[in-house]
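All chains are named by letter (A, B, ...) in the order of the sequence lines, taking the proteins before the strands, and each is independently numbered beginning at 1.
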Amino acid sequence: MEELGVQVEEKKKQKKEEGLAELPGSHDNVVMRFAPNPSGPLHIGHARAAVPNGEYVKRYNGKLVLRIEDTDPKRVYEPAYEMIQEDLKWLGIIPDEVVYQSDRFEIYYDIARQLIEKGAAYMCTCDGADFKELKDNCKPCPHRDQSVEENLKLWEEFPNMEAGSAVLRVKTDIAHKNPAIRDWVAMRIVDEEHPRLGTKYRIYPMMNFSVSVDDHLLGMTHVLRGKDHLANSEKQKYLYDHMGWDIPEFIHYGRLKMEDIALSTSKAKEGIESGEYSGWDDPRLGTLRAIARRGIQPEVITQLISEMGVKMADSALSWKKIYGLNRNIIEQKVNRYFFVPEPVKIDIEGCPDEEIGVEIKRHLHPDFEERGERTFVFEKQVYIPKKDYKDGFVRLMDAVNIDIDGDDVKFHSNSFEEAREVRAKIIQWVSDDSIPAKVVMDDASIVEGLCEADCKDLEIGDVVQFERFGFARLDSIEDGEMIFYFAHK
RNA sequence: GCUCCGGUGGUGUAGUCCGGCCAAUCAUUUCGGCCUUUCGAGCCGAAGACUCGGGUUCGAAUCCCGGCCGGAGCACCA
């Protein structure tokens, strides 16, 4: 009876994991890697891989390797080498080690040779279509049975062969029920200039080969990858077996769909080159730098991705959720200011002299009075948002109540209570001392307006809440005009 | 077509391995109300889900079979 009670308690203790589930296998000396292809800066999809790797390594006190997978010269975008590390840093992920696959060609050659010597790989000079035909029918190609000597000889000649005339294949199971697994290519000839290697090498490893070799040699204990690599994991297992290597824990996660942005890195790049997008941080793009520019906090991304976990089911990320979480974080950190979009100048008739020139103070944050206040001066002529310029009774926040009737704007009273009683709109306004400003919205449209004078104290990168307008980040100041990027309501 | 993988509210998740404590968790969202010189925050309340059909069982989100739907792979890309 007593034993039973103990067991129940243990079972319960194991549950209730916050965020990411425990990793399978040993948690000692965990080594993981984030291995992007340097084709552009990191986007939200990359975060799906980067965040769990970073979090697990932190949790288990392990080691994180950033491995740049630049083994396809056609898909290397040079600035990305730099950008990837910047983006990771923004996410709060600092790799313990950075390796470039382009530095490791000699290692790949060495392993390839060993594989040939073991009889586990062969040089294949079949035409691609011919090989596929054979493979699809579970038939080995004539080269599969070549002697080790013959293969080694061809391997030596490999660098002098014509592109496309030969490949090195890893033997798997030619009758494997999934045709994709059968005798896959490990090395091929590439006549292309590599940004880091120039034309030093002609023999390039295929992803499955270099990835396996590096995962093993760099000591990975756990490999996190998208489920689109499921078949690749299967392929790679053959290589591990041939070499007698231990297979790391392969963990696959589902695809991350982001509503509205279906933009691949290559499409984004095209758009940037054609001038459709202003750059990699255009607010319409799903890059981390675009998100950052809008004032979205990196913790939000970490939190969301962690919550998703590493399960195989696909998930869709909604902006609403991002905004909601971001709002929770910045709402208390960020100060309030007035921004009048599409300003309309009004001249308040019958405004009593004692109201004019009055200095008005508002707290930078209503819940944190200790942060201080901002001041502005009420004038007979002020600017209000075009949207709020409608017939009726409105209160200018902390100032006076006015009556709008067509072109006539009349002073009504100054008591807040009166406005409250009739449930009048209470709106923001600015005077002539305001600063020209514009806000770049999430669809890249621009809202012109005026922000209050005290915005002059803001620094680039500051996030503010424009009352009744939304959250925005100060991006730059050009010719005295303040340019903000809109985050969300 | 072949191979493989998934399917819990609008969205993301917990629970599924080891069936009962699940008339299903939490977050976001939406809608009310209160409060508030922001349409923010806060407080209170509400809405909303186990893909479908069989089976096993006293009992199924959970196990089995089948359908449906969705996704991925099927390269000398990663």
Side-chain angles (χ1 to χ4, degrees), chain A residues 7-8 11-12 15-19 21 35-39 69-76 101 124 126-128 131-132 135-136 163-169 176-182 184-190 203-208 210-211 225-232 234-235 252 254-257 259 265 303-309 311-328 330-332 334 336-338 360 362 365-367 395-399 401 415-417 419-420 424-428 465-471 488-489:
Chain A
Q7 274 185 345
V8 169
K11 197 180 172 184
K12 279 196 174 153
K15 302 181 185 175
K16 210 58 197 163
E17 252 322 305
E18 270 296 307
N37 166 249
S39 55
E69 310 221 316
D70 54 350
T71 53
D72 180 4
K74 285 194 281 291
R75 289 186 46 171
V76 174
Q101 291 196 309
C124 175
C126 286
D127 177 77
F131 182 85
K132 185 178 169 18
K135 181 193 77 173
D136 286 347
S165 60
V167 293
L168 178 73
R169 287 187 188 279
H176 194 287
K177 64 178 174 177
N178 184 351
I181 309 293
R182 299 170 195 162
W184 48 272
V185 175
M187 293 276 189
R188 87 295 200 179
I189 301 167
V190 173
I203 307 305
Y204 276 67
M206 296 295 291
M207 177 278 260
N208 273 310
S210 52
V211 161
R225 51 167 61 130
K227 69 173 183 184
D228 44 324
H229 287 296
L230 234 27
N232 291 322
E234 190 65 26
K235 290 185 190 180
H252 299 91
R255 305 249 310 171
L256 175 62
K257 283 171 292 194
E259 57 182 26
T265 299
Q303 192 181 328
L304 276 171
I305 303 285
S306 298
E307 187 179 305
M308 266 180 217
K311 55 185 199 122
M312 282 245 233
D314 295 348
S315 28
L317 195 43
S318 76
W319 284 109
K320 275 186 179 172
K321 179 111 181 179
I322 292 180
Y323 295 162
L325 293 177
N326 196 242
R327 192 181 297 120
N328 289 344
I330 62 178
E331 196 279 328
Q332 48 199 148
V334 143
R336 270 92 236 237
Y337 291 95
F338 281 171
I360 289 163
R362 267 178 84 76
H365 193 300
D367 304 333
R395 178 170 179 80
L396 304 184
M397 229 180 266
D398 274 334
N401 305 323
S415 98
F416 164 66
E417 286 68 24
R420 175 45 54 93
K425 258 191 180 173
I426 300 171
I427 65 169
Q428 80 277 29
Q465 186 194 131
F466 284 136
E467 298 194 52
R468 303 209 317 134
F469 183 80
F471 294 90
H488 46 78
K489 267 298 232 187

Return the pairing partner of B/G48 with a 3.5 Å limit on both distances, Watson-Crick or G-U wobble; otherwise return none. none
Taking only side-chain nitrogens and oxygens of A/Arg327, does any of them come within less than 4.0 Å of OP1 or OP2 of B/U29? yes
Please state whether the base of B/A27 and the side chain of A/Lys321 form at least one donor-acceptor pair under 3.5 Å? yes
B/C35 pairs with, by Watson-Crick or G-U criteria that keep both distances under 3.5 Å: none
Could you check whether A/Val167 gets within reach of a base, just the sugar-phosphate, or nothing at all, counting any heavy atom under 4.0 Å? base
Ignoring hydrogens and geometry beyond distance, is the side chain of A/Gln465 in donor-acceptor contact with the base of B/G40 at under 3.5 Å? no
Inter-nucleotide P distance (B/U11, B/C50), Å rounded: 12 Å
Search all heavy atoms of A/Asn178 against all heavy atoms of A/Ala231 and return the closest pair with its distance. ND2-CB, 4.4 Å
Does any nucleotide pair with B/C77 by Watson-Crick or G-U wobble geometry, both distances under 3.5 Å, and what is it? none
Comparing A/Tyr323 with A/Ser315, nearest RNA chain B nucleotide closer to 5' gives the residue A/Ser315
Have a look at A/Asp398 and say if it touches a base, only the backbone sugar-phosphate, or nothing, with a 4.0 Å heavy-atom cut-off. base
What pair of heavy atoms forms the shortest contact from A/Ser415 to A/Asn401, and how long is it? O-ND2, 2.8 Å
Whether the side chain of A/Asp367 and the base of B/G40 hold a donor-acceptor pair under 3.5 Å is what I'd like checked. yes
What's the separation between atom CE in A/Met206 and atom CG in A/Leu168, rounded to the nearest 0.5 Å? 11.5 Å
Considering only heavy side-chain atoms of A/Asp314, the closest of B/G7, B/G71, B/C76 is B/G71
Candidates B/G70, B/U29, B/G12 - which lies nearest the side chain of A/Met308: B/G12
Mind checking if A/His229 touches a base, just sugar-phosphate, or nothing, with heavy atoms under 4.0 Å? base
Please work out if A/Leu325 contacts a base, only the sugar-phosphate, or nothing of the nucleic acid, heavy-atom cut-off 4.0 Å. sugar-phosphate
Opposite nucleotide pairing with B/U57, Watson-Crick or G-U, both atom distances under 3.5 Å: none
What integer distance in Å separates A/His488:NE2 from B/U11:P? 22 Å
For a quick check of understanding: with a heavy-atom distance under 4.0 Å over all strands, which category does A/Met397 fall into, base, sugar-phosphate or nothing? base
Would you say A/Trp184's side chain and A/Lys235's backbone share a donor-acceptor pair under 3.5 angstrom? yes
Do A/Arg362 and A/Phe338 meet the cation-pi criteria used here (NZ or CZ under 6.0 Å from the six-membered ring centre, within 45° of the axis)? no
Which value, in whole Å, describes the distance between the C1' atoms of nucleotides B/A24 and B/U13? 13 Å
Between B/U38 and B/A61, how many Å separate the two P atoms, rounded to a whole number? 48 Å
If the C1' atom of B/U8 is compared with that of B/G15, how far apart are they to the nearest Å? 9 Å
Between B/C77 (C1') and A/Asp72 (CG): distance, integer Å: 5 Å
Hey, which of these two, A/Phe466 or A/Lys311, hits RNA chain B nearer its 5' end, going by closest nucleotide? A/Lys311
Counting the atoms with a prime plus P, OP1 and OP2 as sugar-phosphate, which does A/Glu69 contact under 4.0 Å by heavy atoms, base, sugar-phosphate, or nothing? sugar-phosphate
Return the value, rounded to whole Å, for the distance between atom CD1 of A/Ile360 and atom P of B/U37. 15 Å
Interatomic distance where CG belongs to A/Leu230 and C1' belongs to B/U3 [whole Å]: 11 Å
B/G9 versus B/A49 - spacing of their C1' atoms, nearest Å: 4 Å
Distance check needed: B/A41 P versus A/Phe471 CZ, whole Å only. 7 Å
Which nucleotide, in any strand shown, forms a Watson-Crick or G-U wobble pair with B/U16, with both distances under 3.5 Å? none
Selection from B/A78, B/U37, B/G71 that lies nearest to any side-chain heavy atom of A/Met207: B/A78
With a 4.0 Å limit, can you tell me whether A/Asn328 has a side-chain N or O closer than that to the phosphate oxygens OP1/OP2 of B/U28? yes
From C-beta outward on A/Met312, which listed nucleotide comes closest to its side chain: B/C74, B/G40, B/C5? B/C5
Separation between CD1 (A/Ile427) and CG (A/Leu396), nearest 0.5 Å, reads 5.5 Å
Determine the interatomic distance between P on B/G45 and the same-named atom on B/U25; round to the nearest Å. 15 Å
Selected nucleotide, minimal atom distance to A/Thr71 side chain, candidates B/G40, B/C5, B/A78: B/A78
Base, sugar-phosphate or nothing for A/Lys74? Non-hydrogen atoms, less than 4.0 Å. nothing
Point-to-point distance, once rounded to the nearest 0.5 Å, from OG of A/Ser318 to CG of A/Leu304: 8.0 Å
Any donor-acceptor pair under 3.5 Å linking the side chain of A/Asn37 with the backbone of A/Glu69? yes
Between A/Ala419 and A/Arg395 the two heavy atoms that sit nearest each other are CB-CD, 3.7 Å
For A/Ser39, answer base if it contacts any base atom (sugar-phosphate contacts may also be present), sugar-phosphate if it contacts only those atoms, and nothing otherwise; contact means non-hydrogen atoms under 4.0 Å. nothing
Of B/C4, B/U11, B/C77, the nucleotide closest to the side chain of A/Arg188 is B/C77
What does A/Arg336 touch in the nucleic acid at a heavy-atom separation under 4.0 angstrom: a base, only the sugar-phosphate, or nothing? base
Please work out if A/Pro366 contacts a base, only the sugar-phosphate, or nothing of the nucleic acid, heavy-atom cut-off 4.0 Å. base
Nearest-neighbour nucleotide for the A/His365 side chain, B/G12, B/C74, B/G40 considered: B/G40
For B/C4 and A/Lys177 - does any side-chain N or O of the residue sit under 4.0 Å from the phosphate oxygens OP1/OP2? yes
Regarding the side chain of A/Met206, the nearest nucleotide among B/G73, B/A75, B/U37 is B/A75
Rounded to whole Å, how long is the line connecting atom CG of A/Leu304 with atom P of B/U28? 11 Å
Among B/A75, B/G12, B/A78, which nucleotide has an atom closest to any side-chain atom of A/Lys135? B/A75
Could you tell me how far apart A/Trp184 (CH2) and B/C74 (P) are, to the nearest whole angstrom? 14 Å
Would you find a donor on one side and an acceptor on the other, under 3.5 Å apart, between the side chain of A/Arg188 and the backbone of A/Pro205? yes
When the C1' atoms of B/U30 and B/G12 are considered, how many whole Å apart are they? 16 Å
Watson-Crick/G-U partner (both atom distances under 3.5 Å) of B/C69: B/G6
Roughly how far apart, to the nearest Å, are B/U36 and B/U51 at atom C1'? 45 Å
Nearest whole angstrom, please: distance from the P of B/U36 to the CZ of A/Arg420. 7 Å
